[in-house]
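To start, the structure under review is shown below, and the notes come after it.
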Amino acid sequence: MPSWLVGQASQRAQTLVGEALAQEGMRRQHFTVLTSLSEQGEASQAALGRRLWIDRSDLHAIVGELERDGLIARVRDPADRRRNVVTITSAGKSTLKRLNAVIDRAQREFVAPLTAGERRTLIQLLGRLLP
């Protein structure tokens, strides 16, 4: 069944990416937060959670871990002292660059059994299945 095969392939890809991130001491949600801050800019902690669909308590823990490692900074918003604004630090940007390379390697490993033409076709076909 195509749906089962796609699900199994997705699970394999997620495992490869998850293992690659774990070797760097990171989880997928760490990567997601860093990517969002890098690409979409700073945000209040609440807005970041809504942006990424991450539960408030889960995000609090993730932000705490990233802040502890110096990858993000959390400061009080001068316009509204009740909220924190989260930004990526220069160390966070460097880490994100390294993580992107790690994920790229995992992606290459995932599609390694395919020829270059098959890879392009796979990407095109999968793109057509998405709304």
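Values below: all heavy atoms of this structure, side chains included; hydrogens, waters and symmetry mates excluded. Keep in mind the model is a prediction, meaning the values are calculated, not measured.
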Indicate every side-chain donor-acceptor pair of residues 32-40 with a distance under 3.5 Å to a residue at least two apart or in another chain.
| unit_1 | atom_1 | unit_2 | atom_2 | d |
| --- | --- | --- | --- | --- |
| Thr32 | OG1 | Arg28 | O | 2.9 |
| Thr35 | OG1 | Phe31 | O | 2.9 |
| Ser36 | OG | Gln40 | OE1 | 2.9 |
| Ser36 | OG | Arg51 | NH1 | 2.8 |

Tabulate below the donor-acceptor pairs under 3.5 Å that side-chain atoms of residues 6-16 make, not counting sequence neighbours, or state none.
| unit_1 | atom_1 | unit_2 | atom_2 | d |
| --- | --- | --- | --- | --- |
| Ser10 | OG | Gln14 | NE2 | 3.1 |
| Thr15 | OG1 | Gln11 | O | 2.9 |

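Arg68 meets the side chain to side chain donor-acceptor pair (under 3.5 Å) test with no other residue; sequence neighbours excluded.
In terms of heavy-atom proximity, Gly70 sits nearest to Ala91 at O-CB, 3.6 Å. Between Ala43 and Ala47, the shortest heavy-atom distance links the atoms CB-CB, 4.3 Å.
Atom CG of residue Asp58 and atom CD of residue Gln29 lie 6.0 Å apart, to the nearest 0.5 angstrom. With rounding to the nearest 0.5 Å, the separation of CG in Leu48 from CD1 in Ile54 is 6.5 Å.
Proximity of His30 to Ile62: side-chain heavy atoms (C-beta onward) are separated by under 4.5 Å at one or more points. Contact annotation: the side chain of Val17 approaches that of Gln107 to within less than 4.5 Å [non-hydrogen atoms, C-beta and beyond].
Screening residues 70-87 for side-chain hydrogen bond (donor to acceptor under 3.5 Å, both in side chains), with sequence neighbours left out, gives Gln45-Arg74, Glu67-Arg74, Arg76-Asn84, Asp77-Arg83, Asp80-Arg82. Screening residues 114-131 for salt bridge (Lys or Arg N to Asp or Glu O under 4.0 Å), with sequence neighbours left out, gives no hits. For residues 85-108, every residue pair satisfying the salt bridge (Lys or Arg N to Asp or Glu O under 4.0 Å) rule, not counting sequence neighbours, is listed here: Glu24-Arg98.
Grouping the Ile, Leu, Val, Met, Phe, Trp and Tyr side chains by contacts below 4.5 angstrom, directly or via other members, places Val86 with Leu52. Linking ILVMFWY side-chain heavy atoms closer than 4.5 Å, directly or via other members, places Ile103 and Leu71 in a single hydrophobic cluster. Both Leu122 and Leu129 belong to a common hydrophobic cluster when Ile, Leu, Val, Met, Phe, Trp and Tyr are linked at side-chain heavy-atom distances under 4.5 angstrom. Val102 and Leu66 sit in two unconnected hydrophobic clusters of ILVMFWY residues. Membership requires side-chain heavy atoms under 4.5 Å apart, directly or through other members. Under the 4.5 Å side-chain heavy-atom criterion for ILVMFWY residues, no single connected hydrophobic cluster contains both Ile123 and Leu114.
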Inset, instruction - Please report the C-alpha distance between Leu96 and Asn100 in whole Å, then the side-chain angles of each, then the deciding distance to 0.1 Å, and finally whether the side-chain contact (heavy atoms from CB on, under 4.5 Å) criterion is met. - result: CA-CA 6 Å; Leu96 183 57; Asn100 277 318; 3.8 Å; yes

Legend entry - side-chain contact (heavy atoms from CB on, under 4.5 Å) assessment of His60 paired with Asp55: CA-CA 9 Å; His60 181 75; Asp55 177 75; over 6 Å; no

Legend entry - Step-by-step side-chain contact (heavy atoms from CB on, under 4.5 Å) determination, Glu42 to Ile72: CA-CA 10 Å; Glu42 67 181 26; Ile72 64 168; over 6 Å; no

